[in-house]
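Here the structure comes first, spelled out in C-alpha cells, and everything after it is commentary.
In this text, all values refer to a predicted model and were calculated from it rather than measured experimentally. The chains referred to below are lettered A, B, ... by the order of the sequence lines, with proteins before strands, and numbering in each begins at 1.
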Amino acid sequence: MESRVVNKGQISELLDKLAKDYNLIAPIKEETMTLFRRVSGAQDVLLDYNNSDISPKGCFLPQNEKTFSYMYTGDTLEINKPEGVQKTVLFGARPCDIKAILTFDPVFEGVKFGDEYYSNKRKSTVIIGLSCSKVLSTCFCYAMGGGPCDGTGSDLLLTEIGDKYYVEVNTEKGKALVDAYSQIFSSQGAEQLAKDKEELAKKLSGEFVRKVDLTGVKEVLDGNFELPYWDGDNAKKCIGCGTCTYVCPTCHCFDIFDYPTGDFTGDRLRCWDSCMFPEYTLEAGGHNPRPTRKERIRNRFMHKIKYHLDRYNMVGCVGCGRCVNKCPVNIDITKIINDLKEVAQNV
Amino acid sequence: MMDVIQQLREQAKKLLEEKKVDLVIGFGQGTELARTTPVFIDSPEGVSKLTWGPFCANNLAKYLTDYKNAPGNIAVVVKGCDSRSINRLLDDNQISRDKVVIIGVPCSGQLEWQKVSAEIKPGASLKEVVDNGDSVSVKTDAGDYKFDKKDYLLHRCLVCENPNPVVSDLTIGKEQPVKNYEDRFAEVQALEQMSTEEKNAYWDKQFSRCLRCYACRNVCSVCTCQTCVFDQMLPMWVSKRTNLSENTAFHLTRAFHVAGRCVDCGECDRVCPMDIPLRKLNQKIHKDLGDLFESPTPGTKPGLVSPLGEFSPGDPEEFM
C-alpha cells in the first residue's frame with residue numbers, strides 16, 4: 001500500500017481543485033447540524049467535526065431518487081431515465097460510515113440482483129475518508145469490526161497528525177486521484193507519519209467506554225425468534241418514529257411509488273422507508289406482518305445483528321452511535337446486545 | 001434529589017402492592033450518565049428502577065393513550081409541563097380519570113443531556129445529583145461537575161410556566177417557585193418582526209432539512225389520531241418524498257392540528273433529529289390565542305375549552 005503526505009496548509013487548495021473537477025460532497029455546518037452536502041469549494045468544508053448528524057449514505061442511496069419519468073401518449077409509453085451520474089468525490093467520511101457503505105454493496109450489487117442506480121454512483125465516486133480524532137461516549141465501532149482510523153472501504157484515508165495529513169492510498173481509484181494532484185500529495189515524511197498514525201489508532205482504541213460484544217448473540221437469535229424479551233420495555237417505550245432508521249448509515253429500506261405530474265405523465269420515485277412505520281410492508285389486503293412496535297423493533301435489531309449476517313456474512317451495524325444518540329426515548333442497540341447476551345444464558 | 005427518588009419508589013411500591021395500579025410509568029436510568037429512559041414497572045420488585053433528577057425530559061403522559069383500552073389502572077410520573085398533557089387528554093376524552101394515578105413531581109428544570117454529557121468524562125458513573133437552585137452538581141466516580149442552569153437547561157425550561165404539576169393525585173418533592181416570564185414569547189416576537197420574505201427564507205431553510213421521521217408527531221402527547229393523515233396510503237396526501245413543499249405541508253398541518261390543544265411541553269423541539277425549532281410554530285399559535293381570545297396555555301386547568309373548539313356570538317370577527 002502506498003502512502004502520501006498533505007500539508008494542512010494545502011488542504012484548501014485540494015478541496016478547491018476537487019470541487020472544480022468533481023461533484024464534491026463534504027461535511028458542512030448548517031446551524032447546529034453537521035451534514036454532508038455538495039460544496040463549491042474549501043470555504044464551506046468542516047474539517048474538524050466529531051461525526052455528522054446524518055451519515056453520507058445519501059451519496060449512494062439518496063432519500064429521494066427519481067428512477068425514471070413516464071409519458072403515456074395514447075399509443076406508446078415513453079420511459080426516460082435520468083442522465084448519467086456525475087464524477088463525485090465524497091470527502092471527509094468517517095471510517096464507520098465508509099464501512100456502512102460496504103454493507104450496502106452486497107444488497108445493491110448482489111449476484112442475483114444488481115441495482116444500476118446504486119452501482120453507477122458507487123463506480124463514479126471516490127471516497128476520501130477521514131480518521132476520527134476523538135471517540136465519543138456513544139461510539140462503538142471497535143465492537144463491529146471497525147476502528148477510528150480504519151481505512152477499509154475508502155479509496156484514500158486521511159489521518160490528521162500535527163500540521164499534516166497522512167494519506168493512505170487504498171485502491172486504484174485513490175491512486176489515480178493522488179497522481180492527478182501530485183503537486184499536493186508528496187511522499188516526504190510518510191514513514192514517520194505511518195508510525196504516528198499507528199500510535200494514534202492505538203491511543204483511540206483505548207478510549208471506548210461502551211462495552212459491546214456480539215459473541216453468541218446471533219446464535220441465540222438463530223434459534224429463538226419469539227423471545228419474550230421483545231415484549232419488554234423497548235416495545236413499550238418506542239414511539240414508532242423513523243429517527244433511528246433515517247440516521248442509521250446501514251439502514252437501506254426504500255419504498256417505490258409513482259408520482260403523477262399530469263394525467264398521463266409522472267415520475268417513479270424511490271424514497272427511504274422505515275421499518276418503524278406502521279405502513280411499512282403493509283399488504284394490499286390489509287395484513288401487516290409487523291402489526292405492533294414489538295415486531296417492528298425486533299425486525300430492526302434482528303436485521304442489524306442477524307439477518308445481514310445470515311445473508312452477507314457482515315454485521316449490519318457499524319457502531320456509529322447515531323441511533324443511540326438520537327433516539328427520543330433512549331432505545332440503545334448496545335444495551336439490546338448486552339441484554340440478549342444475558343437472555344442467552346437462560347434459553 | 002435522593003429523598004425524592006426514595007419517596008417515588010416507596011409510593012410506586014405501595015400502589016402496586018395494594019393493587020391500586022397494574023403499571024407504573026416512570027423514569028429510569030438511561031444508557032448515558034446524564035440520560036433517563038421511560039420504564040414500565042408492573043411489580044413491586046421493579047420499583048428500584050425508578051429515578052428522578054434534572055435528566056427526565058420525556059413527557060410520559062404520552063404513553064397513557066397506549067393503554068386506553070387496557071384493563072387495570074396506571075400510575076404515571078409527571079412534571080408540571082407533562083401534567084398539562086393529562087388535563088388535555090382528559091378533556092379530549094382520551095383517558096378516564098379513574099384509571100390514572102398521577103404522581104406529580106415539582107421540577108426545577110431539565111438539562112440538555114448532550115450538552116452535559118459532552119463535559120463529563122466518558123464512562124464515568126453517576127454517584128449523586130444535587131440541585132443548587134441556579135445550578136446542578138453532578139457527582140461521579142471521575143470527579144464532580146457543576147452546570148449552570150442558564151447554560152444547560154432545555155430551551156423550554158427557560159420560560160417554564162408550571163414548575164409544579166397542575167393536576168396530581170400525589171405530589172412528591174418540594175414545591176418549586178413559580179416565576180413570571182415577561183419575555184416568554186421573545187423568540188416568536190423576533191420572528192414576527194421579520195418581513196414576509198425573511199420569514200419564508202427562515203422556515204424554508206428549517207423545513208428543507210426535515211427527514212420526515214415523524215418523531216415530532218409521534219412524541220406529541222396530544223397527537224392522538226388513530227391513523228394520521230400523513231400515514232395514509234390511499235389517498236396519499238403527502239408522499240414519502242421529502243421536499244420543501246411536502247415538508248412544509250406536514251409541519252404546518254401538524255402545528256395547526258394541535259392548535260388550542262398543544263400544551264407547550266416542547267417535546268417536538270427536543271426530539272427533532274435535525275434541530276428544527278418546531279416549538280416556535282406552536283408558540284406563535286399560543287401567543288395568538290392569548291392575544292385574540294385571552295386563552296391560557298391548554299391544560300393549565302381542567303375543563304378549559306379550546307378556543308378553536310367552541311363558538312361564541314361575542315367572538316371578534318374582524319376578518320369577516
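Residue contact with chain A, scored on non-hydrogen atoms closer than 4.5 Å, involves the side chain of Asn58(B) exclusively. Neither the backbone nor the side chain of Asn50(A) has a heavy atom closer than 4.5 Å to any heavy atom of chain B. Interface remark: Asp66(B) contributes side-chain atoms only to the contact with chain A (heavy atom separation under 4.5 Å). Proximity to chain A (any heavy atom under 4.5 Å) is shown, for Glu267(B), by neither the backbone nor the side chain. Leu136(A) does not touch chain B: none of its heavy atoms, backbone or side chain, sits under 4.5 Å away.
Residue-level contacts of residues 255-273 of chain A with chain B, in order of numbering, are Asp255(A), Phe257(A), Tyr259(A), Leu269(A), Cys271(A), Trp272(A), Asp273(A); threshold 4.5 Å between heavy atoms. Along residues 36-49 of chain B, the residues that come nearer than 4.5 angstrom to chain A, judged on non-hydrogen atoms, are Thr36(B), Thr37(B), Pro38(B), Val39(B), Phe40(B), Lys49(B) in order of number.
The backbone N or O of Met274(B) sits nowhere less than 3.5 Å from a side-chain atom of Asp53(A) that would complete a donor-acceptor pair. Proximity of a side-chain donor or acceptor of Tyr63(B) to a complementary backbone N or O of Lys237(A) within less than 3.5 Å is detected.
When all heavy atoms of Asp231(B) and Pro278(A) are compared, the pair lying nearest together is OD2-CG, 3.9 Å. Lys240(B) approaches Asn64(A) most closely through the heavy-atom pair O-OD1, 4.2 Å. The two residues Thr243(A) and Cys213(B) come nearest to each other via the heavy atoms OG1-SG, 3.3 Å. Nearest heavy-atom pair across Arg35(B) and Asn330(A) is NH1-ND2, 3.2 Å. When all heavy atoms are compared, the tightest approach of Arg212(B) to Phe277(A) is O-CZ, 3.9 Å. Closest approach of Pro273(B) and Val247(A) over heavy atoms only: CB-CG1, 4.4 Å.
Atom OG of Ser137(A) is separated from atom CD of Gln114(B) by 9.5 Å, given to the nearest 0.5 angstrom. Rounded to the nearest 0.5 angstrom, Glu30(A) CD and Arg209(B) CZ are separated by 5.0 Å.
Annotation: side chain of Ile239(A) is in contact with side chain of Lys62(B) (closest heavy-atom distance under 4.5 Å). Proximity of Arg210(A) to Thr31(B): side-chain heavy atoms (C-beta onward) are separated by under 4.5 Å at one or more points. No side-chain heavy atom of Tyr214(B) sits under 4.5 Å from any side-chain heavy atom of Met276(A). Val271(B) places none of its side-chain heavy atoms less than 4.5 Å from the side chain of Cys241(A).
Shown here are the side-chain hydrogen bond (donor to acceptor under 3.5 Å, both in side chains) partners of Asn73(B), two or more places apart in sequence or in another chain: there are none. Under the side-chain contact (heavy atoms from CB on, under 4.5 Å) criterion, Ala142(B) pairs with Lys121(B), Ala124(B), Thr140(B), sequence neighbours left out.
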